[in-house]
Each structure stands twice: as C-alpha cells, then as structure tokens.
2 protein chains.
Amino acid sequence: MTSIKDLARHLDISIGTVSRALNNKTDVSQETKSKVLKAAAELGYVPNQAGRSLSKGKTNVIGFVLETDSEGMMQGDLFFIRVFDGMQSVLTKRGLNLVALLSPSNVEPEAYLQQIVARRFTDALVLSSIHRNDARINFLNQQGMPFATLGRSLVDGGQPWLDLDFDGVVEDAIARLTQKGHRTIALALPRNDLNLRHIMIESYRKNIAKAGLQLDEDLMIRISPGDRAGVTLVHQLINMPQKPTAVIYSDHILPFGIYRGLADLGLTPGVDLSLIGVGTRLAAFLTPDLTYYRFNLFDLGVRIAEALLTIMDDPTAAEGRPVVRESVPFTFIEGQSIADLT
Amino acid sequence: MTSIKDLARHLDISIGTVSRALNNKTDVSQETKSKVLKAAAELGYVPNQAGRSLSKGKTNVIGFVLETDSEGMMQGDLFFIRVFDGMQSVLTKRGLNLVALLSPSNVEPEAYLQQIVARRFTDALVLSSIHRNDARINFLNQQGMPFATLGRSLVDGGQPWLDLDFDGVVEDAIARLTQKGHRTIALALPRNDLNLRHIMIESYRKNIAKAGLQLDEDLMIRISPGDRAGVTLVHQLINMPQKPTAVIYSDHILPFGIYRGLADLGLTPGVDLSLIGVGTRLAAFLTPDLTYYRFNLFDLGVRIAEALLTIMDDPTAAEGRPVVRESVPFTFIEGQSIADLT
DNA sequence: ATCGAAATCGTAAACGTTTACGGCAATCTT
DNA sequence: AAGATTGCCGTAAACGTTTACGATTTCGAT
C-alpha cells in the first residue's frame, strides 16, 4: 500500500503539504495541488482509514443497528435493504461509509451497542426496532454518540426520529372499515415489545371511540410467535364469542398466514374475514388482492440520513434546535380484502 | 474516553506494561495483570480501534458484501439475516466484528469494493452473489485481501467457498418429477447473471438426458424482471406449443407469483402445473402446500466464517493447502405442488 | 559471593494521518 | 525603500496502540 509518506518522497515535498493538498486546504498553491492529485492517482494512493481516524477522532463510518427478534427477524428483512440503500445514497456524497450492524443472537443488544460505542467504531448510529422505553437512547446520549432512530420512544433523547405512520394506518383502516359497515374490528399486535405496539393500541382506542363503537379489549390480540402466527390468529378470531368481521395488523407477513388459515377452513379473505394493514410488494401475490398500506422505504432512508447529518454538522447540540421528528406517510393500495357489509 | 495512557497514569506503571497486561502477554506478572484488568473495568476502558488498527495493521472487521440487483434484492433479503447471524456467531468468539456492506445503487460494485480494500477498512471479506466470471475474485487476490465466497465462480482464486447445492436440487427435482410421470419439465432461470444460472442449466441438461428425455432449449426460461415474474411465467408456460407439466426454479419468491398467476386463470398448483424449487419459511403460507427444498442458512454462515478464519490464520497461503469448497445440502419438504401423472 | 538465567518492567519507535506553528520569500502599502 | 501583508511550505507534535529492545531486579546454582 502506498502511504502519504511515499507520495511525499516521490514528489520531494513534505508530508504536511501533501496532506493539505489532498484535502484541498488553503495554504498550498494550485500548482502543487494538481501535482499531488496527479501523483496520488498514479500511485493509487487511498488514505488509510485508521490513520485518519486516529488523527481526526472521526471514523467516517455510520452504523445502522438492526435487531433480530426471536423469529430471526423475518419482519425486518424486507425493510432493511431499501432503507439502507436510501441512507447510503445520501451518506456516500459526504464521504461517509454506511455499515449494517447486527447484534449477535447470543449477546444482549445493549452490551453489543456498548462495545461499538466504546471502541468508537462509528461516528454516529441509526437505531431501529425502537422500544417503548428504549434504554439505548439515554445511553447514547450520555456517551455523546450522535444518533437518530427509526421509530419514536417514550424516552426523549432529543434525537431526530422518523416513524412510519402506523397511527394513521390504524385511523384510516378503522374509518374505511366502519364506512363499509364493520362493527367488530380486531387488532393484531406485534409480539415483540416495540413501541409500535403501543402506538397501535392508542390509535385503536381513540379511533374506535371516534367511530362510536364499543371498545372490546379482547379484540386486541397479540399475535403468537412462529411462522404460523396468521393461521393461529384466524382460529382465535373464528372462535371468539362475537366474531370480528375484520382485522387490522402491522406485520407484512401476517396476511399470508391469515390467507392460509382461512383457506384451510374453506373460508375466503375479503368475504368471511376482511384484512387491512401494512404490506410490502409481497402483498401483490395474494389472491384475492390484498388491501393494504405501503411505505416508501428508500425515501425513509434518505430522510433519516439527512436528519442525522444535520445534527452531526451542528455538534453544539443547541437545546432549542429544531430536529426532524416526523411520521412518514403511507399510500393506500386498494384491493379486495375488505367486504362491504352495508 | 479513557485511554491506555489514563490507565497507566492511574496505576503508576508504564503504558507498555498496561498494554501487555491487557493482551495477556508474557513478561508481565500475574499480580499486575489482575491490577490492570481491575482498573480497566473500573474506568470503563475499551481499546480504541483506530489506534490498534494503526499499530497492528489489522482492523478486526470482517465485511459481508451484499449486492442489490435491479429488483432491490428482494431475492437476497431473506437470506441475509440468517447467514449474517451464523457468521457472527463464530466471528465474535474471535473478537472480530462483522459488518454488512452494500454497494450504493449508483456506484459500480467493483468501484465500491476497491474503496473498501484500498482504505483497508476490513481484514477480510465474504462475497455473495457470485458471477460466472467474477472479476472481484482476481482483484481481491491481487490486493492480498483474504476472502471467501458464497457461491463458486469459473475464475478460481484459491479462496474457500460454500455453495448451495442447486445442482443437487435440479437433479433431485427432475428425478422426482419423472418418477411421477412428468415428461415436459420447464426450468425457470434467475434473471441476473449469477453463476447459479449456469449451474442450473448444466444440471438440467445432464439430468434431462439421464432421465432419457428429449432436451428442449425452449423449456429453459429466464424469468422476467419485476414483481410479476411468476405471473408472467405462467402465461409463457401455458402458451407454449408443448405445454410443460412442471417447472423447477431457484427463486423463493417466484412460486408466489406462479400461484397467483395460476389462480388468475382458474388453475390449480399441483394439478394443472407442478412446482418444485428452493423455498424459505415463506413457503409455508402457500395453499396447496408447496413442495420445496430448503437450506440451513445459519449453518451456512457458520461454515463460511470458519472457512474464512482458517485462511486468515494461515497467511502463508500455502499452495497445496486444503480449502473448504463444498456444496451445502438441502432438505426436501414434501407438499402437494407436484401432480402424479402416472 | 559470583554468575547466568529468568522474570518483570520501562523506553521509545512505529503505524498513517492531520494541523498548529513558524519560517521564508514575494508582493503590497505608504 | 522600509515595513506590513500575503502565499506557500516545512517541522513537529498529536491521536492510541503495539512491540522490539534494553534495563533492572530476583533467584537458584555453583
């Protein structure tokens, strides 16, 4: 590998000048600048990260922290790539490297995060799978590691966050369902303890009341673990005293299980049970067509990266600083999975 | 952050001794070792990666290089997490950090790889999405970067590789199909230029001949891009002069499209068209049950990591050194997607 | 008591980069 | 023309760690 020292010797100028030339600093003539750039290209010089990190105290690496749940994170799988790509598209322009980090399944996520922070492996982090009381937020704050979160939490770390508008999903879903005559609407809740679950519960309570319906706590069902969650859910719903006519969910895999569960009983989605929830492109494969909400995940990545950059550029951490905190909107995809009961 | 210097001052011993104590070297008494360890724990000392990298010339980081195809890599999505987890489970035991790297969609994968290698961001790499003539292999070899590949290539870099046994999948599938009386068997090929496609073609040719069937090149169909690949494929198959009774594939999403395409035409999988190929747990949601092959991806990650470690531990790159090069076996999952025509 | 070996530790250089500081020459000011 | 300014560059310290080398002490053996 050719180092800056080799470059300096080759050009017979000092190391300092080479460094300034490469970084396009002032205090170096235009002529030497171009000479240095030319030589650097010829010798295939690329700055060594470790050296630069040590000197600047910055690593130029941003970490995207993923969590695996006990299910092996099938849920997050399809989200990850798109968001990552979006983030990277803005970070590379700034010379920042994005890496995905995944806590080993045999290690506590908090312990893993501590390692990363302590060795100063990254300049900043983006956290996903945010919990209602996420201990990581305060931890990162007190460690002085800039970060943003995909999802909001009850604990406020002053960090920028972006959230998928699940609140709006539930609201819109209940509105659509009640308009089509549904009166007994179930809510399928994620099994893990993400804040998402509480957001859905609150939105459900609010909008059920708003629709003038009677709130039945039993209609909020936490889906069971495992691949057969959807199938199990169908059996649960079918056997309830007052059978729900519709179910709202946030898990994009769940409808596959529900379709399967219904098929096993000779029932038809959109007729015997209505479904609406969050979906990905996978939804296009269901018959009859699934009615669902979808999010622009690439855009989500772009925006969270931009939000992260603003707080990194302004390390003063001004108290009153406006910080990005938004729910990104969904788009509604019309299908045939909702029965019209009117 | 507390550095090794702080530790040394706090204990009133030299920096060098502290370092040797922390790294459990000889030449330091058991007594000071424990004193240092204790103080390190108290002060929350964690070695700085940049400093260590600079000194040792090693980063302790292993990169898992993912490729996105034009489809946004839905194909690889579900594979990624499991393999990553498997790799990490063995690498963390060695104090190595695993990160996932994804070339930006607006940057050439080769250029991205060059950056990573040139700045010595990682100690070693694992490449996925291997092409038939993968230029990255020779590049990494000449750069002296240790690596392993998930998938084999025509170009031999002497690196360890692990491959899903697609050859065996096609062989087994043809055997099962012909045993059930199928005579016109289509092969759905991946659209991208992965070596996988050629492996499937070769296995198909060989085993069609072995079964005493007439080879019809038209039966090897490259699936179209986009989400509706399966649907399109059904239409292609239906409209062929001699309609295939079965189709073999390697894309775990494809059967969803095929089921959908058949449903749209009022046809039934396993009756009007038989399917068999590679599947993931998603397959469990299809009705009627899909007949498929599945791989243990966590185990794949474990084994590729172990293979990588062996060549990293033995940097002499002995010519005759035995190197891991295996196809990992599949397990067969019986379903109802194959019609018995006998 | 002397010698050699072993155990233990400190010193300092090295890894590759950035940057504050000072020096020098050329140019500008009056 | 003297002084002030500017442009350009070299020097050297600093970042945090590892490690070769040498120095000192201890200990057992003769």
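Lettering of chains follows the sequences in order, A, B, ..., and the numbering in each one begins at 1. We use all heavy atoms of the structure for the numbers below, so side chains are in, but hydrogens, waters and symmetry mates are not.
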When you look at CD of B:Glu31, are more than 12 heavy atoms from neighbouring residues, nucleotides or ligands closer to it than 6.0 Å? no
For [X] and [N], is the shortest distance between a side-chain N/O and OP1 or OP2 below 4.0 Å?
X: B:Asn23; N: D:dT18; result: yes
X: A:Thr32; N: D:dC9; result: yes
X: A:Ser55; N: C:dT18; result: no
X: B:Arg52; N: D:dG16; result: no
X: B:Ser14; N: C:dC9; result: no
X: A:Thr17; N: D:dC9; result: no
X: B:Lys56; N: D:dT19; result: yes

So does B:Arg120 reach the base of C:dG16 with its side chain, donor to acceptor, closer than 3.5 Å? no
Any N or O donor-acceptor pair under 3.5 Å from the base of D:dG10 to the side chain of A:Arg20? yes
Between [atom2] of [N] and [atom1] of [X], the distance in whole Å:
X: A:Leu22; N: C:dT19; atom1: CG; atom2: C1'; result: 14 Å
X: B:Gln30; N: C:dT8; atom1: CD; atom2: P; result: 9 Å
X: B:Glu31; N: D:dT26; atom1: CD; atom2: C1'; result: 14 Å
X: A:Met1; N: C:dT17; atom1: CE; atom2: C1'; result: 15 Å
X: A:Ile13; N: C:dT17; atom1: CD1; atom2: C1'; result: 15 Å
X: A:Tyr45; N: C:dT17; atom1: OH; atom2: C1'; result: 7 Å
X: B:Asn48; N: D:dT18; atom1: CG; atom2: C1'; result: 13 Å

Base, sugar-phosphate, or nothing for [X], non-hydrogen atoms under 4.0 angstrom?
X: B:Gly16; answer: base
X: B:Ser29; answer: sugar-phosphate
X: A:Ile15; answer: base
X: B:Thr26; answer: nothing

Distance-only donor-acceptor check, side chains A:Arg119 and B:Asn97, under 3.5 Å: yes
Examine the side chains of B:Thr59 and B:Asp123 and answer whether a donor and an acceptor come within less than 3.5 Å of each other. yes
With side-chain contact (heavy atoms from CB on, under 4.5 Å) as the criterion, how do B:Val83 and B:Phe64 come out once you've worked through the C-alpha distance, each side chain's angles and the decisive distance to 0.1 Å? CA-CA 10 Å; B:Val83 182; B:Phe64 184 13; 4.0 Å; yes
Evaluate side-chain contact (heavy atoms from CB on, under 4.5 Å) for B:Arg9 paired with B:Asp6, printing each intermediate quantity in order. CA-CA 5 Å; B:Arg9 199 171 330 131; B:Asp6 303 322; 3.6 Å; yes
Listed nucleotide nearest any side-chain atom of A:Leu54, set D:dC15, D:dT11, C:dT17: D:dC15
In terms of the nearest nucleotide of DNA chain D, which residue is placed more toward the 5' end: B:Asp27 or A:Lys33? A:Lys33
Take B:Ser89 and B:Val302, measure what side-chain contact (heavy atoms from CB on, under 4.5 Å) needs, and give me the verdict at the end. CA-CA 7 Å; B:Ser89 75; B:Val302 168; 3.8 Å; yes
Side chain proximity check, B:Ile62 to B:Gln88, heavy atoms < 4.5 angstrom: no
Could you tell me whether the side chain of A:Asp27 reaches within less than 4.5 Å of the side chain of A:Lys25, counting heavy atoms only? no
So, with a heavy-atom separation below 4.0 Å from DNA chain C, the residues of residues 3-11 of chain A are A:Ser3, A:Ile4, A:Lys5
